[in-house]
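The structure appears right after this line, and notes come after that.
Because only heavy atoms are used, hydrogens play no part in the values below, and waters and symmetry mates are left out as well, while side chains stay in. Lettering of chains follows the sequences in order, A, B, ..., and the numbering in each one begins at 1.
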Amino acid sequence: MPSGGGCPRGCPGPEGRSERPATGRGHPKRQNQDGTGSRPSPNRPGNRQSRSPRREPLGAPATADLWNPRFMPDTPPPVHDAPKGTGAALEKARRDKLDKLAALGIDPWGGRLDDVTPIAAARSQGEAVAKDSDAGPTVRVAGRIMLQRSAGSLVFLDLHDRTGRIQIMLGKKQVGPEAWKIVDCLDLGDLVGIDGRLGWSKTGELTVFAAGLTFLAKSLETPPDKYHGLVDSDLRQRMRYLDLIHGEGVRDRFVARSRIVEAVRRTLADRGYLEVEGPTLQETAGGAAARPFKTHHNALDMPLVLRIALELHLKRLLVGGLERVFELGRVYRNEGVSPRHNPEFTMLEAYEAYGDYGTMMDLTEAILVAAARAAGTPERFEWMGHTVNLAPPFRRAKYDDLLRETTGCDPTDPASVAAVAAGHGIETAGRHPDVVKSDLFEATVEKTLSGPVFVIDYPAAVCPLTKRKAGQPHVAERFELYVAGMELANAYTELNDPDLQEELFRTQLAGLPADESMARMDTDFIKALRHGMPPAGGLGIGIDRLVMFLTAAPSIRDVILFPIHRPRAGG
RNA sequence: GCCUCGUUAGCUCAAUUGGUCAGAGCAUCUGACUCUUAAUCAGAGGGUUCUUGGUUCGAGUCCAAGACGAGGCACCA
């Protein structure tokens with residue numbers, strides 16, 4: 001966390017805070033940022049009674065228990081002082097209430113709470129209650145106070161948990177003057193448990209009529225605007241926890257991500273695949289053409305790089321007889337950021353012995369269909385200006401055919417390709433014809449591919465890990481799956497000839513800088529191939545892009561909980 | 001790394017040609033209200049206009065540099 005990073009801009013940093021008048025207590029926030037352990041704890045007793053959390057049944061509880069007094073403060077409440085209305089004053093108002101709670105014997109930081117009914121479940125119970133009944137069932141719900149409305153000595157709360165929202169009504173007459181002191185200490189954003197009867201308000205809203213309240217956690221920060229929420233996309237990513245609370249559909253999207261990953265795993269497991277974990281710290285970053293992040297191991301005093309792909313270790317496992325393996329994990333590429341790129345991202349790679357790239361096309365379709373179903377994505381929808389239809393089988397189109405249709409060049413004639421490429425401003429002099437061809441494809445064909453479409457049979461020179469087509473040494477058995485102009489998956493019939501693999505590792509393609517090339521000898525991998533790797537199909541899917549696609553997210557940062565950011569200056 | 005755009009109260013946003021323009025809503029505080037729904041009503045407080053320089057009688061506004069972000073380019077076979 002950057003210095004003061006939890007604080008939106010304009011919020012005074014630690015320096016600013018230290019100018020506040022002494023408050024008689026340490027500043028918990030600073031303590032946390034230093035990472036120094038113990039905070040001064042007028043409000044935190046060492047051993048909380050909440051360790052023995054079993055509560056009285058709700059039938060005939062003592063009022064005192066329902067209002068949950070927990071402890072007596074061991075120091076008098078401090079005096080806070082700050083100008084009204086500033087950020088500091090907003091926090092002061094909340095700290096004052098926190099101290100007031102402590103003075104009332106309430107632990108403002110709560111503890112274990114059993115027998116909580118999810119709000120969605122409480123709602124369905126409530127639906128069964130007659131509109132004019134005052135004998136609805138009693139429930140305990142817990143969550144965050146999102147809205148607060150008072151009408152005289154009556155307070156309505158909107159309480160949210162992971163399953164939904166429900167209205168709470170608290171009445172001074174109903175709970176008594178002592179308990180009302182606790183209600184006076186509630187702020188937007190606080191976490192509370194509510195015991196009460198389900199029923200309907202006079203205006204017809206399902207409501208929990210509170211008979212008891214358990215304080216679970218005080219919020220010391222002002223929540224974002226209750227109507228607009230947090231709209232600054234930078235703040236939304238840096239303070240994702242707030243975005244999850246207030247952002248429209250944000251939580252749903254990350255829930256969908258989890259369901260998608262679950263569906264991917266299930267699809268593979270159903271086909272007999274074994275999930276494994278390869279090393280992220282490697283001596284040589286292989287399996288893709290990307291610059292790696294560099295690091296260092298102290299005890300071994302050796303340079304290491306973070307992996308850029310999963311491929312080479314999974315193929316070693318094919319040699320080892322794990323005939324169907326996959327890994328779902330993070331890879332790291334030291335490259336720029338864009339709406340489609342984050343330097344760390346999640347990749348699926350799967351390898352199936354005795355298969356080929358056709359096997360992988362079937363698998364890809366199965367994974368996409370299962371993932372779409374898990375995410376609740378319709379079969380047909382619009383995304384990024386493209387109409388997408390997920391009904392299999394997906395279209396299969398040859399690389400050369402697409403290039404010919406789109407550009408009019410003759411893909412089999414390097415001179416023709418070079419001429420057209422030059423017309424698109426692509427450098428051709430001194431570069432391998434297949435690299436030029438690849439550049440031309442990316443510049444012209446990619447963006448036109450609404451898809452999903454399997455682009456098959458790639459120029460061999462740009463595919464050093466791929467088996468060549470029988471009798472066609474210039475064509476590699478590879479496909480990429482495109483959707484809405486974006487590469488979503490990449491698969492090969494895997495090259496298992498160790499001599500050819502070694503030769504290809506040695507080949508530096510003309511026109512490619514060394515750090516962008518895949519020409520990195522991995523002798524240990526070659527050694528593994530020499531022991532005999534079964535013919536196999538291999539598949540890679542970018543999980544982040546898959547989630548973008550299935551949740552119609554315009555940017556990869558919308559599907560990564562904590563995307564990379566520069567540290568925020570100031571605070 | 002390059003180009004364009006943006007940054008005003010805790011949050012969401014105003015501020016005409018450079019001229020009493022630093023303002024509103026939410027939030028906060030005080031008061032009223034026992035059925036509210038972004039509750040309402042009355043009042044109060046709250047600002048390093050991202051930072052640093054410059055031009056000017058005068059800068060939120062114009063210029064330069066920097067910070068951070070968004071989009072595009074490059075990189076990402």
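Under the side-chain contact (heavy atoms from CB on, under 4.5 Å) criterion, A:Asp252 pairs with no residue, sequence neighbours left out.
For A:Arg478 and A:Tyr458, the positive end sits near the middle of the six-membered ring, less than 6.0 Å away and at most 45° from its axis.
The side chain of A:Arg238 lies closest to B:C68, out of B:C68, B:A27, B:C11. Closest to the side chain of A:Arg557, from the set B:U36, B:G71, B:C68, is B:G71.
In RNA chain B, runs of at least 3 consecutive Watson-Crick or G-U pairs, each pair with both distances below 3.5 Å, span B:1-7 with B:67-73, B:10-13 with B:23-26, B:28-32 with B:40-44, B:50-54 with B:62-66.
The nearest whole Å value for the distance from the CG atom in A:Leu170 to the P atom in B:U34 is 15 Å. Atom CD in A:Glu91 sits roughly 14 Å away from atom P in B:C11 (whole-Å rounding).
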Table please: side-chain donor-acceptor pairs of residues 553-560 of chain A below 3.5 Å, with sequence neighbours left out.
unit_1, atom_1, unit_2, atom_2, d
A:Ser555, OG, A:Arg557, N, 3.1
A:Asp558, OD2, A:Ser555, N, 3.4

I'd like a table of donor-acceptor pairs (distance under 3.5 Å, sequence neighbours excluded) in which one partner is a side-chain atom from residues 144-154 of chain A, with atom names and distances.
unit_1, atom_1, unit_2, atom_2, d
A:Arg144, NH1, A:Gly189, O, 2.8
A:Arg149, NH2, A:Asp158, OD1, 3.0
A:Arg149, NH2, A:Gln167, OE1, 2.7

Give me the distances for all protein-to-nucleotides 38-41 of chain B N/O pairs that come in under 3.5 Å?
unit_1, atom_1, unit_2, atom_2, d
B:A38, O3', A:Lys226, NZ, 3.3
B:A39, OP1, A:Lys226, NZ, 2.5
B:A39, OP2, A:Arg149, NH1, 3.1
B:A39, N7, A:Ser150, O, 2.7
B:A39, N6, A:Ser150, O, 2.6

Please write out each protein N/O paired with an N/O of nucleotides 3-5 of chain B under 3.5 Å, distance rounded to 0.1 Å.
none

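For A:Glu205 and B:U36, a side-chain-to-base donor-acceptor distance below 3.5 Å is absent, hydrogens and geometry of angles not being considered. The base of B:U36 lies close enough to the side chain of A:Ser201 for a donor and an acceptor atom to sit less than 3.5 Å apart.
Residue-environment remark: NZ (A:Lys469) exceeds the threshold of 12 foreign heavy atoms within 6.0 Å.
Residues A:Ile541 and A:Met347 form no side-chain contact, since every pair of their non-hydrogen atoms from C-beta on lies 4.5 Å or further apart.
Put simply, A:Arg333 has no side-chain N or O that comes within less than 4.0 Å of OP1 or OP2 on B:C76.
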